Amino acid sequence: GLPIIATDVGGTKEIISTSNYGILISPQNSAILAEKLALLINSKNLREQLGSRVQQYVKASFDWKQITIQYIKLFQSIHNA
């Protein structure tokens with residue numbers, strides 16, 4: 001439930017695909033990091049919105065129960081093909 005500031009490396013875009021889920025910045029850019037940290041520090045509303053949205057998104061998309069259901073559906077579709 002916390003807001004996220006992350007660097008755009010590896011698979012980070014999979015989770016922070018839009019600005020609704022967090023703040024994605026260029027790697028090794030301390031000035032932008034400081035700017036975005038100040039933005040979150042000064043905006044309780046933004047912190048709460050980002051934290052809530054990313055928590056809901058991760059639960060819906062990356063929860064093991066949901067992933068298991070998706071795998072079962074995939075295996076069933078392959079078996080029935």
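In this text the structure is predicted, and so the values were computed from the model without any measurement.
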Legend entry - S77 (side chain) donor-acceptor with L74 (main chain) under 3.5 angstrom: yes
Inset, instruction - Mind checking the OG-OH spacing from S52 to Y21? Nearest 0.5 Å is all I need. - result: 11.0 Å
Inset, instruction - Report the distance from atom CD1 of I72 to atom NE2 of H79, rounding to the nearest 0.5 Å. - result: 14.0 Å
Legend entry - Point-to-point distance, once rounded to the nearest 0.5 Å, from CG of N20 to CD of Q56: 11.0 Å
Inset, instruction - On the 0 to 90° scale, with breaks at 30° and 60°, tag the Y57-F62 ring pair as parallel, tilted or perpendicular. - result: perpendicular
Legend entry - N/O donor-acceptor pair under 3.5 Å between T68 side chain and W64 backbone: yes
Legend entry - Donor-acceptor under 3.5 Å (T7 side chain, V9 main chain): no
Inset, instruction - Among Ile, Leu, Val, Met, Phe, Trp and Tyr joined by side-chain contacts under 4.5 Å, find the other residues sharing a cluster with L37 and list them by chain and number. - result: I5, I23, I25, I32, L33, L39, L40, L46, L50
Inset, instruction - Determine the minimum heavy-atom distance between K59 and Q66, stating which atoms define it. - result: O-CG, 4.0 Å
Legend entry - Distance in Å, I16 CD1 paired with R53 CZ, rounded so as to fall on 0.5 Å steps: 13.0 Å
Legend entry - Nearest-0.5 Å distance that lies between atom CD in E35 and atom OG in S30: 11.5 Å
Legend entry - Over all atoms of both residues, closest heavy-atom pair of A6 and T12: CB-CG2, 3.6 Å
Legend entry - I4 CD1 to K36 NZ distance, which is reported to the nearest 0.5 Å: 15.5 Å
Inset, instruction - Output yes when a side-chain donor or acceptor of R47 lies under 3.5 Å from a complementary backbone atom of L2, and no otherwise. - result: no
